[in-house]
Amino acid sequence: MESHWLSMFDVTIDFDQSHLFFPRIVTTILVGLLLVIVVTRFRMIAPAIKRAGRVLVGSEGAFDHKRFFGTLALTTAYFYLMGVLSDVFPNTGYSFLIMSVIFVFLLSLLYVDHLTRRLFVILVLNALIAPALAWYVLAELFRITLP
Amino acid sequence: MDILSHLTPMFFGLIAAGTLIGIIFGAIPGMTATMAVAVCLPLTYAFGLENGIALLLGLYVGGISGGMVPAVLINIPGTPSSITTTFDGYPMAKRGEGERALKIGIVASVFGGLFSAAVLFFFAPVLADFAIKFSYVEKFLIILLALTVIASLCSNMLMGIFSGVLGVWLSLIGTYSITEGGNGEPRLMFDFMQYYLVDGFSLLPVLIGLFGLTTVLLDAEKGFKDDAVQGKISLKGGAKFRFNVFKGQLLNLVRSSGIGTLIGILPGVGGSAASVLAYSQEKNFSRDSSQMGKGAPQGIVSSESSNNALTGGALVPLLSLGIPGDSTTAILIGAFTLQGIQVGPLFIGNNLDTWYLMMIALVAANVLMFGIMYFAIRHIAKVIEVPKFILYPLIIMMCVVGAYAINYGIMFDVWTLLIFGVFGWVAHKVGLETVPLIIGFILGKSAEVYFVKSIESYGNLTIFFTKSPIAAFLWVLIAVSVAFAIYLRVRNRRRPEEIES
Amino acid sequence: MKPIWGKTCLALVVSAAMGVGVSAQAADDCPLPGNLRVVIGSTSTGGDTYQVSSMVVDQLADKLDINAKVDAVGVMPGFQALQRSRHGNTIMIFHDGAYLGNLYGVNGYPNIFDQYVVGPTIAINPGNAYLVPKGSPYESMSDVIEAAGNGKQIRVAIQPGSVSEIGFSALKNAVRLKYPGKESNIVAVNTGSQADKNQLLFDGAVDMINGSVQANEQYTQLPADDQKAMRFVWLTAREDTIQQTNESGMGDTTREQLLGYTTPNVSVPMDDSQDFTFDKEFFFLYNKDMDPAAIDCIDNALSDIYDQGEIQEQLKKAFFVPDFKPSKEASSYLKEKNDQNQTIINDLEG
């Protein structure tokens, strides 16, 4: 009798389909939780989306568009161009070096508030020295593969 | 006699060099202990076994310890296992107690490291026999236990659990890898993604994306005005470090170190879970956990002692079963095989000299780590005073290096960084919690393998309860862990001042 | 501490600088880049693929005066990197798993003979082994085949779709030959790392595991009452291959004893006339568009290296068997090996 009862919990997994077994369970739980969240917070969602839209467009809140989207754009360009350039200089890390110098300089420029001449020199030196140092130590001394 | 002849200045010099380089690797966001060991592995050819191992153990201990530095100072965990250090370390740093927080972390680290070294030395073979009592079923339950801590770590129960499950879900994207016994079939993605996502998202880029890049984006959005308003975070003000902060922490130290060691001993459970488990147990069981998450020394103590205790623990299965306990010891095993040394159940008996030398190296690495960090920390802590417009571009650059190098040169890992950086920013806005998410992500893959393989082997769900006394005991722990989380939440809700932001 | 670190640094700097300095000159008769990237089909830097690769690649870089670095990127990223690199900046080293994955129909595995150029073989790992618990009733592979023929189920822990599975397929095939229809009694328990396979044996969840001489030899030396004690029943390598290992063998197991687990002392029939054997071989893979001159150049350099004999010592010390075949020879040899294994796998499916 007891073994019959236990066999209710029998589960067999077909190896060819085993890659879907666990993901299905997790997806089900995830969707379930999402529904609970939507139901319990239903009233908060619509206003929140509206507010988010207004913030992004810039009509409300302290949202620094220039710096936020600038960061995103620079980072995307940095990653993309690094990949492209690494085909030009394969296996040397030069691509990383060149792109990092440019990226570090531009991003610093984007973030800095009151640019003075002295600060500008510091930024240039930082953008030249830091990536060069990182490249030299990592790619040359430690032989880490860089783009 | 033979041992003494190996204890040369070179031997200790290499330990010191290793520890120092390890600390630097650990302290740079994006670089990890694993990477430090991997990078220096080829050097061990030249040094011979004993000296090579000395170097690598130094790197291992240093790398794990160094991870606390960015965790405390800039809220970015330097290694996956120092996530929980950010919880209390960064709030302390914001109060001007960065140096104090780091010193607490260093003392806790050296305790954890030496604790686990002692456990390794005295109990390695016994513990190895204990470790093989953990089959798929028990390992799944350990992971389940680690997942339940999400309930006590999140600020909103529903969103926290959702984030955790989402983390698990994200970790499953990719193929069910044949190297883990899967069938190599893709799931949870469209065909065109398969080229990039064969091996799914890697942990390190996800981690540094979620913590590093997201932090940069959040500050960029505010236009770095915060600094101007609140004044830069400084190193002055706030309490100074005194050893009496450890008064009453002995239980915490021992418990956390014990948890760290145990997780290290169990291969495949995921070393990063150690500090998370230790932290949540401290939160559940300490007499007063009300300040945890707001800059309580006890949080740093539990996090750092447990992640350093991992080192000795992970060496147990390596040296007594020939099986690595975590990703770093998986590389250490290469150092032995490159030198033609077999690791397995007879290793210690057959190589007594090497074994003693390793223990000496491990203890020396911990002591040197303490020495180097304790006295250098004042200078390291100055990082916090570097203006963000200098620091952030460099952090992104180093994150790129880390992401690209972790799998030995894969460009998609760099894009993962960006994807999860943006995702982290969005998550922040919609109220998802990154810490439960990353815990879910870390544990998701092993949870799947152990869960599916348990069922494949036994074909019945009841096996999870009836497999062994260890399994039953783990269920008790899981129940207690969940009950405590709920109890603490209910208790806190009664106090109006406890409302979380 | 400083002076030693300084010395280490200095050595590194010098070697790095030398590498950069001469990188351009190698191009004379050898169209190889000054910085060669060698990807391998394994993500482990502690595994056999990395070991063999780093030994051979180090010598190759010395010989050709170039920088070369082994990157443990894994199978799919390795194939992808190779695919992208038309100018020979990236080459790959992998073992038989490269084509076995395709034969077993594992998702994403290309036909390497069509899509890449198969380069020289460099070494054999003779350690591919099958083990049973020390107290197991199965004394030999014949016992296992008989038991399966008599309706007994035998569970074998393997990692699916690669070298780990091929011996299992051969065993299944042997049962099919002798007791047609009974091969389903040989059951695969698919798992991952060696640790997981060992654990299944300790749990009693399987009767036999795939393992290796290197990783499992010490377990065979444990007393029988130890839960962890194991016993070799089969090494898949050829007798010739094992003959070439050092006489001392591995750990406390001598070469003589290892030969006892090898064909013809152990018999897993492949067809009426011969026994199945399998050497796990490591070889180079090139991009389809790689300059033939560069391929020749690597062939020649390797040939010189193997003539000098230092690499043999190095490989043997780490329990590998040196096995150099230049590209042309290696390519047709591996194709033949591929076809032979295809027959076994197809027969089992059909």
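Proteins get letters first, then strands, A, B, ... in listed order; numbering begins at 1 in each.
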Parallel, tilted or perpendicular, as decided by the 30° and 60° cut-offs, for the rings of B:Trp415 and A:Phe79: perpendicular
Best-contacting candidate, A:Ile25, A:Thr12, A:Leu20, A:Leu34, against chain B by heavy atom pairs under 4.5 angstrom: A:Leu34
Heavy-atom side-chain proximity of A:Phe21 to B:Tyr176 below 4.5 angstrom: no
Interchain contact, B:Leu217 with chain A, by part (heavy-atom threshold 4.5 Å): both
Which atoms of A:Ala130 approach chain B - backbone, side chain, both or neither, heavy atom under 4.5 Å: both
Mutual orientation of the aromatic rings belonging to B:Trp425 and A:Phe63 [parallel < 30°, tilted 30-60°, perpendicular > 60°]: perpendicular
Neighbourhood of chain B inside residues 96-105 of chain A, taking heavy atoms under 4.5 Å as contact: A:Phe96, A:Ser100, A:Phe103, A:Val104
Between B:Phe25, B:Tyr392, B:Tyr408, the one whose heavy-atom pairs under 4.5 Å with chain A are most numerous: B:Phe25
Under 4.5 Å from a heavy atom of chain A, the part of B:Phe162 involved: both
Where at least one partner belongs to residues 27-42 of chain B, residue pairs that pass side chain to side chain donor-acceptor pair (under 3.5 Å), sequence neighbours excluded: B:Thr34-B:Ser327, B:Thr34-B:Thr328
Contact leader toward chain B among A:Thr76, A:Leu74, A:Leu110, where contacts are heavy-atom pairs under 4.5 Å: A:Thr76
pair B:Met159-A:Ile37: side-chain heavy atoms closer than 4.5 Å: yes
Check: B:Tyr450 ring centre within less than 6.0 Å of A:Phe22 ring centre: no
Derivation of the side-chain contact (heavy atoms from CB on, under 4.5 Å) call for B:Val400 and A:Tyr78: CA-CA 10 Å; B:Val400 168; A:Tyr78 176 42; 3.7 Å; yes
